[in-house]
Engineer: 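Please read through the structure below; I'll follow up with questions.
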Protein chains: 2
Amino acid sequence: MKIGALAGRSGLPIKTLRYYEDLGLLPAVGRSEGGYRLFGEESLRRLEFIRRLKSLGLTLDDIHECLAVHDAGELPCGDIQRQLQRQIDLVDERLRELRLFRRELQSLLQNWQSDPAPNTAVICPNLNV
Amino acid sequence: MKIGALAGRSGLPIKTLRYYEDLGLLPAVGRSEGGYRLFGEESLRRLEFIRRLKSLGLTLDDIHECLAVHDAGELPCGDIQRQLQRQIDLVDERLRELRLFRRELQSLLQNWQSDPAPNTAVICPNLNV
DNA sequence: CTTGACTCTCCTCCCGTGGGGAGACTCTAA
DNA sequence: TTAGAGTCTCCCCACGGGAGGAGAGTCAAG
């Protein structure tokens, strides 16, 4: 299977497939005499796996590690579980930050005066800066 | 005041000041005979303003617009108010996305099996992909 | 006048995930 | 054999906000 066929069947752009191969995520089984990449059927399963993990917030580096475990003949479930737990922790942290940030913005707007007295010592009297 | 003095008094790196000047955020009052940028005292106020708006999540482009209003002799309070409201809307949207995402991750981990039966048709039996 | 600190411009690089295009080559069907 | 579609490598671009460094010129104190 050449790269265009794999792109068609997987729904991913050719550029993405080449990029994944460069990163070592998607090894080609070889090259044609003219230098065209050749992929096997298992590439489709690999791409589904990559797509799913990406949708769960893992980076391509994270996914690379999981695939390395798989390629070593082991189940990557434990690694994925750890990555997902870390992902939840990151989301929780981000949620805390965003809630705090929202409160700050809201309290500023609460007392906002659309037409305050100009003050030459500051640029925006509402922010006092 | 040369750029090093402004960096020291504002606490910002020289590189940042040059970058802001390139963007038109921080006009220098002129150049010395040797070509050194010269800044006035009002640059410090400007930098405080920029720092504050950055901390509220505005991009340098947004800030540029606010400063343009100020430089035109008007109060930028209305523009800033609109930007902050937009910022709240973005935060709310992001919060919704993150909460949804967290539920997806959590429900996956809920039923996770650390040591499932290998399945040659998939890479990770827990994800079924 | 010298010396050391300061500043100048210009260039590349970072993060992540590719997109866009040039110019050259290869494959396949008629 | 030839046309047209497919593919190759290589390079720059995006976002946002600078960081790092090279090589050269400038300023101020002693």
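Here the structure is a predicted model, which means the values were calculated and not measured. We use all heavy atoms of the structure for the numbers below, so side chains are in, but hydrogens, waters and symmetry mates are not. Convention: sequence-line order gives letters A, B, ...; per-chain numbering from 1.
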Engineer: Using a cut-off of less than 4.0 Å, is there contact between a side-chain N or O of S32(A) and OP1 or OP2 of dT26(C)?
Structural biologist: no
Engineer: Rounded to whole angstroms, how far apart are CG on L90(A) and P on dG16(C)?
Structural biologist: 13 Å
Engineer: Report yes or no: is there a donor-acceptor pair, N or O only, under 3.5 Å between the side chain of Y36(B) and the base of dG25(D)?
Structural biologist: yes
Engineer: Could a donor-acceptor pair under 3.5 angstrom be found where the side chain of K15(A) meets the base of dG20(C)?
Structural biologist: yes
Engineer: Ignoring backbone atoms, establish whether Y20(B) has a side-chain N or O less than 4.0 Å from OP1 or OP2 of dG17(D).
Structural biologist: no
Engineer: Rounded to whole angstroms, how far apart are NZ on K2(B) and C1' on dC8(C)?
Structural biologist: 12 Å
Engineer: Please tell me if R31(A) has a side-chain N or O lying less than 4.0 Å from either OP1 or OP2 of dT9(D).
Structural biologist: yes
Engineer: Given that A5(B) and Y19(A) both sit by DNA chain C, which one's nearest nucleotide is further toward the 5' end?
Structural biologist: A5(B)
Engineer: Rounded to whole angstrom units, what separation is found between the NE2 atom of H64(A) and the P atom of dT17(C)?
Structural biologist: 13 Å
Engineer: Starting at CZ of R18(A) and ending at C1' of dT7(D), how long is that distance when rounded to a whole Å?
Structural biologist: 6 Å
Engineer: Supply the atom-to-atom distance I88(B) CD1 to R103(A) CZ, rounded to the nearest 0.5 angstrom.
Structural biologist: 12.0 Å
Engineer: Between E48(B) and R51(B), does at least one N-O distance fall below 4.0 Å, as a salt bridge requires?
Structural biologist: yes
Engineer: Measure the distance from CD1 on I14(B) to P on dG21(D) and round it to the nearest whole Å.
Structural biologist: 14 Å
Engineer: Measure from the side chain of P13(B), starting at C-beta and using heavy atoms only, and say which of dC27(C), dA19(D), dT7(D) lies closest.
Structural biologist: dA19(D)
Engineer: Tell me which residues in residues 37-50 of chain B put a heavy atom below 4.0 Å from DNA chain D, sorted by number, or none.
Structural biologist: none
Engineer: Between R94(A) and E97(A), does at least one N-O distance fall below 4.0 Å, as a salt bridge requires?
Structural biologist: yes
Engineer: Rounding to a whole Å, what distance do you find between D61(B):CG and dC15(D):P?
Structural biologist: 9 Å
Engineer: Using the salt bridge (charged side-chain N to carboxylate O under 4.0 Å, His left out) rule, pick out the option among R46(A), K15(A), R37(A) that qualifies with E21(A).
Structural biologist: R37(A)
Engineer: Taking the axis from the first five pairs and the axis from the last five, what angle separates them in the helix from dC1(C)-dG30(D) to dA30(C)-dT1(D), rounded to 10 degrees?
Structural biologist: 30°
Engineer: Between G34(B) and I3(A), who's closer to the 5' end of DNA chain D by nearest nucleotide?
Structural biologist: I3(A)
Engineer: Once you round to the nearest 0.5 Å, how far does CG of L58(B) lie from CZ of R86(B)?
Structural biologist: 7.0 Å
Engineer: Separation of D22(B) atom CG from dG16(D) atom C1', in whole Å?
Structural biologist: 15 Å
Engineer: I need the I80(B) CD1 to L127(A) CG distance, nearest 0.5 Å.
Structural biologist: 5.0 Å
Engineer: Which distance, rounded to the nearest 0.5 Å, do you find between the OG of S10(B) and the CG of L17(B)?
Structural biologist: 5.0 Å
Engineer: To the closest 0.5 Å, what do you measure between CG (D115(B)) and CG (L75(A))?
Structural biologist: 7.5 Å
Engineer: Counting just side-chain N and O atoms, does T16(A) come under 4.0 Å of either OP1 or OP2 of dG19(C)?
Structural biologist: yes
Engineer: Need to verify one output field. Residue with the more 5' nearest nucleotide on DNA chain D, E33(B) or L60(B)?
Structural biologist: L60(B)
Engineer: Any donor-acceptor pair, under 3.5 Å, between the side chain of K54(B) and the base of dG17(D), if you only look at N and O atoms?
Structural biologist: no
Engineer: With no hydrogens and no angle check, do the side chains of Q85(B) and R82(B) hold a donor and an acceptor under 3.5 Å apart?
Structural biologist: no
Engineer: From CG of L58(B) over to C1' of dG16(D), roughly how many Å is that when rounded to an integer?
Structural biologist: 14 Å
Engineer: Taking the side chain as C-beta and beyond, is there a heavy-atom pair between L56(A) and L105(B) under 4.5 Å?
Structural biologist: yes
